[in-house]
Amino acid sequence: MPEGHVIHHLAGKMNSFYAGKTLRVTSPQGRFAAEAARLDGHALSHAEAFGKHLFVEFDADDPAHIIYIHLGLIGTLQFEPETTPRGQVRLRLSDGELAADLRGPQWCRLITEDERDAAVAKLGADPIRSDSDPAPIWQKVKRSTRSIGSLLMDQKLFAGVGNIYRAETLFRLGISPFRAGRKLQRNEFDSIWADLVGLMAEGVAAARIDTVRPEHTPEAMGREPRQDDHGGEVYTYRRTGQPCFICGTPIAEQVMEGRNLFWCPECQAK
DNA sequence: CTTGCATGTGCAT
DNA sequence: TGCACCTGCAAGT
């Protein structure tokens, strides 16, 4: 259940566990049996993430030697000691001891390097990648009549940002999700980008999303830690009706871009 | 046991 | 704008 930080975290695990190793590539459930057979017995050379898109490259003569995975809303990729597959394992990579099991992906395809480049070219700037340039994104945002809450969900602009980071970074900066892109100041855009870079880098390392500042943590405020597994400590995400940690106003909820948006009407009035 | 919802996207209307 | 897709989990019957 991934925003970009999870995909980058997974790419890192792929590289540390498997880079340079010859792998068994199988499809226990059968869905991707043909694809698996083409790469089975080859070495994984490199895994890399762009936004929410994961590319796992193999050393193989086959032109389509890159596994292109998108987990979608419910897909998972889990590393576990190799045992009999449980559930619907669509694809399994294994070095004989540790297996990477793919379940419920949005897609899983074999592609060529040119196709990988074309897929990457469709994405905007990824706050997690050091080679990202936010300048072209600002040029589009500052001309847009769309709301910043909508723009943040657009993968052609902010690659890897999802519903939690959208809500949380806007709260942290006190920006209304309903403000049009063209009404943003340059320094506000810069703040959003910088906040995403910091938050998402932490997310990659922790493999979860924590956005509350030290002064608002459960320990600092004497409240109970968040218990659900849908993220870490956050200000607004799925806190509808609960008091804002800063001003006490009930957190609001409204669908935007087909997803539930959460914000504080007081702290994010403008 | 059944239902609904979820860190997402693409396609049909 | 709605909906289909795919899985896991929590809440409701």
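Labels below follow one simple rule: chain letters A, B, ... track the order of the sequence lines, proteins then strands, and each chain is numbered from 1. Keep in mind that this is a model prediction, so the values were computed, not measured. Note that these values count all heavy atoms, side chains included, but never hydrogens, waters or copies made by symmetry.
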Return the polar atom pairs (N/O with N/O) between nucleotides 9-13 of chain B and the protein under 3.5 Å, or none.
from, atom 1, to, atom 2, distance (Å)
B:dT9, OP1, A:H70, NE2, 3.4
B:dT9, OP2, A:K52, NZ, 3.3
B:dT9, O2, A:Q106, NE2, 3.3

- Query: A:H5 side chain: which of C:dC6, C:dG8, B:dT7 is closest?
  - Reply: B:dT7
- Item | Which nucleotide in B:dA6, C:dC6, B:dT7 has an atom nearest any side-chain atom of A:R238 | B:dA6
- Between A:Q78 and A:R103, do the side chains contain an N or O donor and an N or O acceptor separated by less than 3.5 Å? yes
- Message: Rounded to whole Å, please give me the gap between CD1 in A:I164 and C1' in B:dG8.
- Response: 12 Å
- A:L196 CG to B:dT7 P: how many Å, rounded? 17 Å
- Task: Under the salt bridge (Lys or Arg N to Asp or Glu O under 4.0 Å) rule, collect the residues that match up with A:R182, sequence neighbours excluded.
- Result: none
- Going by atom types alone, do A:E266 and A:T249 pair a side-chain donor with an acceptor below 3.5 Å? no
- Flag side-chain contact, heavy atom, 4.5 Å: A:L91 against A:V25: yes
- Here the distance between atom C1' of B:dA6 and atom OH of A:Y165, to the nearest Å, is 17 Å
- Checking side-chain hydrogen bond (donor to acceptor under 3.5 Å, both in side chains) against A:D126, which of A:Q155, A:K52, A:H8 comes through? A:H8
- Message: Output the rounded distance in Å from CZ (A:R103) to C1' (C:dC5).
- Response: 18 Å
- Report the C-alpha separation of A:C244 and A:F171 in whole Å, then their side-chain angles, then the decisive distance to 0.1 Å, and conclude whether the side-chain contact (heavy atoms from CB on, under 4.5 Å) test is met. CA-CA 10 Å; A:C244 170; A:F171 176 89; 3.7 Å; yes
- In whole angstroms, how far is the C1' atom of C:dC6 from the CG atom of A:L102? 11 Å
- Item | Pairwise P distance for C:dC9 and B:dT9, with rounding to whole Å | 22 Å
- Taking the same atom, P, in C:dC6 and in B:dC1, what whole-Å distance lies between them? 23 Å
Under 3.5 Å, side-chain donor or acceptor atoms of residues 63-70 of chain A against the rest of the protein: list the pairs with distances, not counting sequence neighbours.
from, atom 1, to, atom 2, distance (Å)
A:H65, ND1, A:D62, O, 2.9
A:H65, ND1, A:P63, O, 3.2
A:H65, NE2, A:E57, OE2, 3.4
A:H65, NE2, A:E113, OE2, 3.1
A:Y68, OH, A:H53, ND1, 2.6
A:H70, ND1, A:G72, N, 3.0

- When the distance from CG of A:L77 to C1' of B:dT7 is rounded to whole Å, what number comes out? 15 Å
- Message: In whole Å, measure the gap between the P atoms of B:dT13 and C:dC5 for me.
- Response: 14 Å
- Spacing of A:D101 atom CG relative to C:dG8 atom P, expressed in whole Å: 11 Å
- Item | Rounded distance (Å) that lies between atom P of B:dA6 and atom CG of A:L73 | 9 Å
- Phosphate oxygens OP1/OP2 of B:dA6: is one of them under 4.0 Å from a side-chain N or O of A:N260? yes
- On a whole-Å scale, what distance lies between the P atoms belonging to C:dT13 and B:dC5? 13 Å
- Within the structure, does a side-chain N or O atom of A:Y237 lie under 4.0 Å from either OP1 or OP2 of B:dT7? yes
- Query: Looking only at atom C1', what distance separates B:dT7 and C:dT1, rounded to whole Å?
  - Reply: 23 Å
